[in-house]
Amino acid sequence: MSVNGTVWGRVRARLRAFPEGLAACGPEAAAYGRCVQASTAPGGRLRKDLCAQEFEALRSCFAEARTRWRVRCRPNTQTSIASKKG
């Protein structure tokens, strides 16, 4: 396989796994959404850092999901090295 084909294969694998990784953050996304919605309701005022705690929880979840997602998509380098030698 060409180098270009290998790169696109990895990209496709990452793109397929991405929604699964972010789906794990549903509760955090819902909590942040409720906070923002309550702040923008009639009479509410959205201010900087009003939903900071919920946003930080969502950001942390995304970062953790991204780490899990990248590890899962990374090819097994030991297998690749062994197959090139053999």
Q.
Just to verify, what does R12 make a side chain to side chain donor-acceptor pair (under 3.5 Å) with, not counting sequence neighbours?
A. none
(Q) Please determine whether the number of non-hydrogen atoms from other residues, nucleotides or ligands lying under 6.0 Å from atom CD of E56 exceeds 12. (A) yes
Indicate every side-chain donor-acceptor pair of residues 30-43 with a distance under 3.5 Å to a residue at least two apart or in another chain.
unit_1, atom_1, unit_2, atom_2, d
S39, OG, C35, O, 2.8
T40, OG1, V36, O, 3.1
T40, OG1, Q37, O, 3.3

Q. Excluding sequence neighbours, so at least two apart, what forms side chain to side chain contact (heavy atoms under 4.5 Å, CB included) with R47?
A. R45, L50
Q) Which atoms form the tightest heavy-atom contact between A57 and E28, and what is the distance? A) O-CG, 3.9 Å
Q) Nearest heavy-atom pair of A65 and C25: which atoms, and what distance? A) CB-SG, 4.3 Å
Q.
Can you tell me if F55 has over 12 outside heavy atoms packed within less than 6.0 Å of its CZ?
A. no
